[in-house]
Colleague: 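Can you read through this structure? Questions will come right after.
Computed from a predicted structure; not experimentally measured. Just follow the structure's listing: the first ligand is 1, and inside any ligand the first atom is 1.
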Amino acid sequence: MTRSYEEVLEKVRAGFLDPILRRSHRDSLESSFRSALDRLEEMQYGTPIWWSEGEEADYESASKRDMPESTSEMGEVIPRLVRFLKGIPIYGHPETVPNVIPQSTIPSIVGVALAAICNPNIMEESYGGKVCEAEVEVVSFISSLIGYDRNESSGFFTFGGTGTNLYGIKLGVQKVIDGCREKGIRRDVKVMASEVSHYSLLNAMDWLGLGTNNLIKIGADEDNSVSLEKLEKEARRLLSEGKQIACIVPTLGTTDAFGIDDIKEIVALRDDLVDDFSLDYSPHVHADSVIGWVLTVFNDYDFDENPLKLPGIENLIHLRDKIRYLYMADSAGIDFHKLGYTPYVSSLFVVKNRKELELIARDRSLMPYLYHTGRYHPGIYTLETSRSGSGVLSALSSLYFLGKDGYRVLLTHAIEMTQIFRRKIKKIGGVILNEQNIGPATLFRVYPPPYKDNSTSIYKEEIDGDIELLKRCNRYNEEIFRKIDEQIRSKGVGIVFSMTKSYKKTSYGEDITALKAYMTSPHIEEENIGHIVQQISRAMM
Ligand SMILES: Cc1ncc(COP(=O)(O)O)c(C=O)c1O
């Protein structure tokens, strides 16, 4: 039935909040949320994945669907939306351990909802209101956690950890190639990072026009931190050949193994290089600390008194000692949507010396319709034009709610659970690949009979050069992963964990496949770990 303009207008108006938010007018928003949550509740079966019978993803049919011609009732829209949530791991579930994706705190979920309602655009104050102040507050919190001088530092939210790496490298390039913003990049400059750095650095190299071949990857040591010896040797070689190094990117918390580069030594090396080669620029040091930043909550924890009675403090002190020099980086990336317990996307780029942002600022005359009022105009130097306030509000909510103590406890719990997991995995003949990396992540391999009874020496044979054995065991581990994954995806039962085809390469250049478990759920207990290991063990039969 075709309805008139007036009828449709009246109907669609009911789908918006009243411009004056009053209790009586909130009903439809509140009841819509309630209905969404009710539907969501029906999609859980006590297993680690949102799941409903007979709702397989159907890309074939989706690719042929048309937009509806007429309006729908709000009540019809929500169930249609909720069914698309099938197949997402339930991140808070204590047997969901695939990656660095924790559950979001309730306040941070509300933070996202508030941003959706008020829709701040934090490119400038006139559209972002006091959410701009909230962004400054988060920068202040993080600067002080890291150890930056808040009178000098600055920062802003951006599109993911990838965005933070892009900004870091961009600043480095600006320091080396004068005029490149106007004339383009007309010569090679190098960026250095470890072989186990995140691939988003390659994206940055590609998208900035630097070329991926100019990312120089340096071998990592046994503890998955960049080899300082190799880094120094390569940097000196490059500079002696007259090449320029725009940026060095230490990773503090590698994606798979939770390796932490020695930033203090890297900055000292950078300073030596500037002196020894009489450089007229200083290679920018950008810390990819999107995972590891949260460890800075231990920087000022009183380990002698240990007021929270944290268990395993030798592990925490070890981590504190690795993260405490993060302040030496010229800039750093912080992902709240990783160990910040905040929804996607919530990423902050912080810079030690705010004057450096002038290197990427645009002339105001290019943006004549903006920045006429207010005092906060980050849109002058951000890559993005519109920037959502959602990441800011959700990050701030988690920071307020958890405080340093909340993060300290969550991290400690994750590390404790990880230690238990590692012990149990060894009992089923598994080998821990990142034994030296204390943290929430475990990379491990399991072995079929007859190898599993002496798996440690089998692993040694693999990495010492038995390529056939390595490939066979790589395949075996991948099969174990696929078996468990298939069960959860097709029946909604089991556990959610993950696999990396190549956590790193052997000295002879072959991929080492690893199974991966990341213990971030605040709800996880030893019993859950027993169950996770049991599932893996069963898949090995
Ligand atoms: C070390 C590291 N850096 C950068 C990124 C990219 O972050 P995002 O996925 O938020 O873009 C990741 C993602 O896992 C990462 O592990």
Colleague: Measure the distance from atom 9 (O) of ligand 1 to every protein heavy atom, then report the residue, atom name and distance (to 0.1 Å) of the closest one.
Modeller: K338 NZ, 3.8 Å

Colleague: Only heavy atoms of T162, strictly under 4.0 Å: list the atoms of ligand 1 that pass.
Modeller: 6 (C), 7 (O), 8 (P), 11 (O)

Colleague: In terms of atom number and element, which parts of ligand 1 are under 4.0 angstrom from non-hydrogen atoms of G253?
Modeller: 1 (C)

Colleague: Can you tell me which residue and heavy atom of the protein come closest to atom 16 (O) of ligand 1, and the distance to 0.1 Å?
Modeller: T255 OG1, 2.8 Å

Colleague: With a 4.5 Å heavy-atom cut-off, do P522 and H413 have their side chains touching?
Modeller: no

Colleague: Could you tell me which atoms of ligand 1, counted from 1 in the order shown, lie closer than 4.0 angstrom to a heavy atom of S200?
Modeller: 4 (C)

Colleague: Quick test: of every protein heavy atom, which one is nearest to atom 8 (P) of ligand 1, and how far off is it to 0.1 Å?
Modeller: G161 N, 3.4 Å

Colleague: Taking 4.0 angstrom as the limit and counting only heavy atoms of H337, give me the atoms of ligand 1 inside it, by number and element.
Modeller: 10 (O)

Colleague: Give a yes/no verdict on a cation-pi contact between K86 and W51, requiring under 6.0 Å between NZ or CZ and the six-membered ring centre and an angle within 45° of the axis.
Modeller: yes

Colleague: Nearest protein heavy-atom contact for atom 3 (N) of ligand 1: which residue, which atom, what distance?
Modeller: D288 OD2, 2.7 Å

Colleague: Just jot down the ligand 1 atoms closer than 4.0 angstrom to any heavy atom of I291, in number order.
Modeller: 16 (O)

Colleague: Going by an N to O cut-off under 4.0 Å, is there a salt bridge joining E229 and K233?
Modeller: no

Colleague: For I317, is the CD1 atom crowded, meaning more than 12 foreign heavy atoms sit under 6.0 Å from it?
Modeller: yes

Colleague: Just jot down the ligand 1 atoms closer than 4.0 angstrom to any heavy atom of V290, in number order.
Modeller: 1 (C), 2 (C), 3 (N), 4 (C), 15 (C)

Colleague: Heavy-atom contacts with D335 under 4.0 Å: which atoms of ligand 1 show up? List them by number with element.
Modeller: 7 (O), 10 (O)

Colleague: Closer than 4.0 angstrom: is that true for some heavy atom of N165 and an atom of ligand 1?
Modeller: yes

Colleague: When the ring planes of F156 and Y167 are compared, do they come out parallel, tilted or perpendicular, using 30° and 60° as the limits?
Modeller: perpendicular

Colleague: Ignoring hydrogens and angles, state whether a donor on the side chain of T251 or D288 is under 3.5 Å from an acceptor on the partner side chain.
Modeller: no

Colleague: Give a yes or no on whether the ring-centroid distance for H318 and F298 is below 6.0 angstrom.
Modeller: no

Colleague: Examine W293 together with F336 and report whether their ring centres are nearer than 6.0 Å.
Modeller: yes

